[in-house]
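Structure, as structure tokens:
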There are 2 protein chains.
Amino acid sequence: MNIGQAAQASGVSAKMIRYYESIGLIPKTVRTEAGYRVYSDHDVHTLRFIRRSRDLGFSVEQIADLVSLWQDRERASKDVKAIALEHVTVLERKIRELQEMASTLTHLARNCHGDTRPHCPILEELANDEAERAHAKPDAKFGVLGKVSAR
Amino acid sequence: MNIGQAAQASGVSAKMIRYYESIGLIPKTVRTEAGYRVYSDHDVHTLRFIRRSRDLGFSVEQIADLVSLWQDRERASKDVKAIALEHVTVLERKIRELQEMASTLTHLARNCHGDTRPHCPILEELANDEAERAHAKPDAKFGVLGKVSAR
DNA sequence: ACTTGACCTTCCCATGATTGGAAGGACTAA
DNA sequence: TTAGTCCTTCCAATCATGGGAAGGTCAAGT
């Protein structure tokens with residue numbers, strides 16, 4: 001099976017398959033004489049595992065852990081559970097942050113006439129120099145959502 | 001006021017102030033003879049406006065719109081409201097996606113013993129070749145959260 | 001046998017917001 | 001004068017993904 005077929009069958013784009021190989025998430029494949037990558041059903045199975053994990057918002061780093069646990073028949077289920085629950089914690093934090101943003105904005109918008117006149121409480125609040133509102137101050141590095149990013 | 005003081009006063013890092021200048025979100029400042037950027041209280045006020053907007057998850061592009069509406073005394077409040085409400089829609093979609101991920105994972109984890117034995121429903125489900133679960137399939141380009149990213 | 005079109009290869013670039021760091025100049029207080 | 005803190009610009013990295021170019025390969029149809 002060529003990379004295009006493996007992509008089709010797994011739901012992971014050919015681009016991403018090559019990328020996953022380059023970062024070592026999946027091993028290097030066998031190649032044909034012409035240099036084409038060749039995939040087995042087993043490889044596709046692994047790719048599907050990866051895609052499902054991405055759909056659940058796991059980072060590539062976490063997925064690497066999950067894949068190796070998956071392939072380890074001696075693994076302890078608590079190790080898997082720990083990764084999952086830690087991820088849930090992160091997701092829930094992000095959900096809370098987004099909810100705060102949404103509710104603040106909804107509140108502001110509700111007080112804005114939304115007509116052709118210039119008066120606008122939304123802008124007034126954004127410009128308000130007083131009162132550091134007690135709102136979402138996500139972690140700096142990746143932003144509120146930076147790290148989650150599922151496909 | 002130098003850039004460091006403006007950063008302190010506005011809550012926007014010096015790095016980001018330079019970046020915002022480079023992309024045209026804020027105008028180029030006056031410089032001292034030595035090339036140091038000089039900021040006024042008014043500039044700091046604008047930077048605060050920007051930071052508040054970022055805290056609410058607006059993209060730099062949206063903030064550019066908001067800033068120009070803010071500085072336009074003739075603006076129609078409906079234009080501002082439209083930006084805000086559109087953003088709320090996006091936030092709410094992301095919230096829903098994250099909630100689906102979290103609830104799927106929570107459900108799976110609840111069925112996982114989390115002990116030292118290898119049996120693990122979480123991995124089983126991730127590896128499950130059947131049934132495309134009806135779960136979060138965010139838009140491809142930026143991922144579930146890609147675009148939101150507040151500081 | 002030859003052409004066409006679909007596929008594959010590698011390599012580089014862009015995204016978005018943000019931080020880090022290097023190399024070097026400017027300023028300030030002791 | 002010197003140390004230390006600030007400023008400057010430029011370049012790189014983050015994370016996951018897609019776009020596209022330049023060129024090789026393959027299979028099917030003429």
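To find a chain, count down the sequence lines: A is the first, B the second, and so on, and within it residues start at 1.
With rounding to whole Å, B:Ile23 atom CD1 is found 9 Å from C:dA17 atom C1'. Separating the CE atom of A:Met1 from the C1' atom of C:dC7 is a distance of 16 Å, rounded to the nearest angstrom. Rounded to an integer number of Å, the gap from A:Asp55 CG to D:dT17 C1' is 14 Å. At whole-Å resolution of the value, CD in B:Glu21 and C1' in D:dC10 are 15 Å apart. Whole-Å rounding puts the A:Tyr19 OH to C:dC12 P distance at 17 Å. Atom P of nucleotide C:dT19 and atom CD1 of B:Ile17 are separated by 11 Å, given to the nearest angstrom. Between B:Met16 atom CE and C:dA17 atom P there is a gap of 8 Å when expressed in whole angstrom units. Atom-to-atom, CG of B:Leu25 to P of C:dT18 comes out at 11 Å; the value is rounded to the nearest Å.
Close to C:dA17, at under 4.0 Å from its OP1 or OP2, lies no side-chain N or O of B:Tyr20. In this structure, B:Arg37 does not reach the C:dA26 phosphate: none of its side-chain N or O atoms is under 4.0 Å from OP1 or OP2. The phosphate of C:dT19 has OP1 or OP2 within less than 4.0 Å of a side-chain N or O from B:Ser13. Of the side-chain N and O atoms in B:Arg31, none sit less than 4.0 angstrom from OP1 or OP2 of C:dA26.
When distances are taken from the side chain of A:Tyr36 to each of D:dG24, C:dA26, C:dA17, the shortest belongs to D:dG24. Between D:dA16, D:dG20, D:dC10, one nucleotide has an atom nearer to the side chain of B:Lys15 than all others, and that is D:dC10. Residue B:Arg18 places its side chain closer to D:dT9 than to any other of D:dT9, C:dC8, D:dT17.
Aromatic ring orientation, B:His45 versus B:Trp70: perpendicular (interplanar angle above 60°, classes split at 30° and 60°).
No donor-acceptor contact under 3.5 angstrom links the side chains of B:Asp43 and B:Thr29, judged on distance only.
Ion pairing of A:Glu92 with A:Arg96 is absent here, as no side-chain N (NZ or NE/NH1/NH2) approaches a carboxylate O to less than 4.0 Å.
Here the side chain of A:Ser77 pairs a donor or acceptor atom with the backbone of B:Gly114 at under 3.5 angstrom.
Across all non-hydrogen atoms, the minimal contact from A:Val12 to A:Met16 is CG1-CB, 3.7 Å.
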